[in-house]
*Asks:* 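I am attaching a structure below and will ask some questions about it afterwards.
We count residues from 1, following the sequence as given. In listed order, ligands and their atoms are each counted from 1.
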Amino acid sequence: MIHVRVMKAKNPEEMGKLAADQFEAMIQTKPACVIGLATGSTPLPLYRELIKREQEGKIDFSRVRSANLDEYKGLGPDHPQSYRKFMQENLFDHISIKPENTIVPDGLAEDVQQMCAAYEQKIEEWGGVDLQLLGIGHDGHIGFNEPEDYFPGMTHEVQLTEMTIDANKRFFDSVDDVPRAAFTMGIGTIMAAKKIVMVVTGADKKEILHKTFWGPVDPQVPASILQFHQDVTLICDEAAYPL
Ligand code: PGA
């Protein structure tokens with residue numbers, strides 16, 4: 001059964017270009033589309049390519065809306081490790097997207113339930129996500145949906161696993177500075193996207209990638225739910241290529 005389109009890139013730069021092609025096609029054909037965005041190291045070549053393509057006049061972000069997957073609990077927009085800051089520095093500050101058209105869960109929300117419900121509602125008001133970008137964690141997380149006994153539906157608070165805290169400590173002064181909790185779109189939010197593009201690089205992701213698309217669908221491997229999605233493109237470099 002073929003349930004995912006796989007595109008192999010020679011290296012992360014080529015992966016960025018292949019992923020940028022998907023975003024370019026979406027934005028050209030639907031200028032006010034809604035894109036779902038991700039943080040982490042893997043999307044960086046894609047973001048550099050998108051900035052370049054707008055400068056070259058190939059893409060126009062001025063009507064695009066964007067919703068990010070997740071944010072650390074307790075980090076405000078100006079915190080250097082917040083995902084809002086990451087998005088500003090690596091993409092939004094360099095393209096014509098309007099600030100009011102970019103949403104990231106509010107890491108400082110006091111009423112968590114209200115913030116999560118409002119996040120879902122905003123995406124719905126926009127007409128849903130047209131193209132969702134995903135990375136994958138070594139434990140199979142997408143967004144910050146960690147291995148669980150069930151697939152969580154909507155945007156919610158999560159406790160991060162030790163594996164994720166360990167993987168993300170490279171961005172912080174010490175492991176103790178890594179937040180223990182986060183807010184993330186749910187698996188249901190992600191699955192509602194019309195199209196999904198997953199980007200993966202590096203030999204350390206090969207095994208989890210194989211489990212995700214060629215193993216059983218299991219909430220202990222959250223990304224494995226993507227086998228149920230009708231339109232997933234996996235773009236990976238040769239090192240991560242799972243076959
Ligand atoms: P990475 O993060 O791109 O920095 O490896 C991916 C993820 O944790 O989802």
*Asks:* With a 6.0 Å cut-off on the ring centroids, do Phe171 and Phe86 count as close?
*Replies:*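 Phe171 vs Phe86: aromatic centres not under 6.0 Å.
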*Asks:* Tell me: protein heavy atom nearest atom 9 (O) of ligand 1, and distance?
*Replies:* His141 NE2, 3.4 Å
*Asks:* Kindly determine whether Lys98 and Glu100 satisfy salt bridge (Lys or Arg N to Asp or Glu O under 4.0 Å), including the steps that lead there.
*Replies:* CA-CA 5 Å; Lys98 294 191 176 71; Glu100 65 271 26; 5.9 Å; no
*Asks:* Going through the checks in order, is the salt bridge (Lys or Arg N to Asp or Glu O under 4.0 Å) test met by Asp176 and Lys169?
*Replies:* CA-CA 8 Å; Asp176 296 333; Lys169 70 175 187 226; over 6 Å; no
*Asks:* Does the residue Lys205 have a heavy-atom contact with ligand 1, meaning some pair of atoms that are separated by less than 4.0 Å?
*Replies:* yes
*Asks:* Taking only heavy atoms of Arg170, which atoms of ligand 1 are found under 4.0 Å from at least one of them?
*Replies:*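 It comes down to these atoms of ligand 1: 4 (O).
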*Asks:* Could you pull out, from Thr42, Asp70, Ile136, the option with a heavy atom nearest to atom 6 (C) of ligand 1?
*Replies:* Ile136
*Asks:* Are Arg53 and Glu24 within salt-bridge range, i.e. N to O under 4.0 Å?
*Replies:* yes
*Asks:* Is Thr39 in polar range of ligand 1, meaning some N or O pair under 3.5 Å apart?
*Replies:*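 No, Thr39 has no N/O under 3.5 Å of an N/O on ligand 1.
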*Asks:* Would you call Glu238 and Lys10 a salt bridge, using N to O less than 4.0 angstrom?
*Replies:*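 Result for this pair is no, no salt bridge flagged.
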*Asks:* Going by the order shown, which atoms of ligand 1 are within less than 4.0 Å of some heavy atom of Gly40?
*Replies:*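 Those atoms are 3 (O), 4 (O).
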